[in-house]
Structure formats: C-alpha cells, structure tokens
Amino acid sequence: DKESLEVIDYHEKYITSFAKQLLDDAVKKKEIKKIDTQAFAMLLGSIGREFAKEESANKLKNSPEESANSITKVILNGIKI
C-alpha cells in the first residue's frame, strides 16, 4: 500500500545517506578499501526495499531483517583492510 511504500522510501534514503557518511569516514581513516562509497551506500540502502517485496520475503530462509543484516555484514567485511 501507499503508506508502506512511503516508509520504505524514507528508510532507503535514510540508510543510503547514513551509510555514505560512514563509508566516507571509513575510507578517510583507512579502515576500508577505497571504494565508490555512493554505489555501496545505494546498494546497502536498497536491500530493505528488495526484501520488503512479498515475493522476495517468501523465498528467504530467515526474516527479511535477518537476511538484510547478514548480507550487509558480508559486504562490509569484504571491504575491510
């Protein structure tokens, strides 16, 4: 429904912006590899939207939140120095 989509839109924008700031800081501090922080932030921000889709949620082994957190952890561990 429309309200759910508005919440998802807000969440995606917030997570993308927050992730971008964190990633930029981590690159400056040499905590992670030099990456395209905007692209990674967009990817991380969009995970929730994909898993919120009913057809996606029904295919997941775990809850959408657990699955998103698991994937995010793998991505972030992969860019550590």
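The residues of the chain are indexed from 1 along the displayed sequence.
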* Asked: What is the distance from atom NZ of Lys20 to atom CG of Asp25, rounded to the nearest 0.5 Å?
  -> 10.0 Å
* Asked: In the single-linkage hydrophobic clustering (I, L, V, M, F, W, Y; side-chain heavy atoms under 4.5 Å), do Met42 and Leu44 co-cluster?
  -> no
* Look at Asp9 together with Lys13 and state whether they make a salt bridge at an N to O cut-off of under 4.0 Å. => no
* Asked: What distance separates Ser56 OG from Ile47 CD1, expressed to the nearest 0.5 Å?
  -> 12.0 Å
* **Glu6 CD: over 12 foreign heavy atoms closer than 6.0 Å** => yes
* Is a side-chain donor or acceptor of Thr37 paired with a backbone partner of Asp24 at a separation under 3.5 angstrom? -> no
* Structure fact -> Closest heavy-atom pair, Phe51 versus Ala57, reported as atoms and distance to 0.1 Å, is O-CB, 3.6 Å
* Among the clusters formed by ILVMFWY side chains lying less than 4.5 Å apart, do Phe40 and Leu22 turn up in the same one? -> no
* **Asn62: side chain to side chain contact (heavy atoms under 4.5 Å, CB included) partners, not counting sequence neighbours** => Glu66, Ser67
* In one Ile/Leu/Val/Met/Phe/Trp/Tyr side-chain cluster, 4.5 Å: Ile75, Leu60 -> yes
* Measure the spacing between CG of Leu23 and NZ of Lys33 and express it to the nearest 0.5 Å. => 13.5 Å
* **Same apolar cluster: Phe18 and Ile35, side chain cutoff 4.5 Å** => no
* Asked: What pairs with Ala26 under side chain to side chain contact (heavy atoms under 4.5 Å, CB included), at least two apart in sequence or on another chain?
  -> Glu31, Ile32
* Structure fact -> Closest heavy-atom pair, Ile8 versus Ala52, reported as atoms and distance to 0.1 Å, is CD1-CB, 3.6 Å
* Asked: Can you find a pair of side-chain heavy atoms, one from Glu65 and one from Asn69, that are under 4.5 Å apart?
  -> yes
* Could you tell me which non-hydrogen atom of Ile81 sits nearest to which non-hydrogen atom of Lys30, and how far apart they are? => CD1-O, 3.4 Å
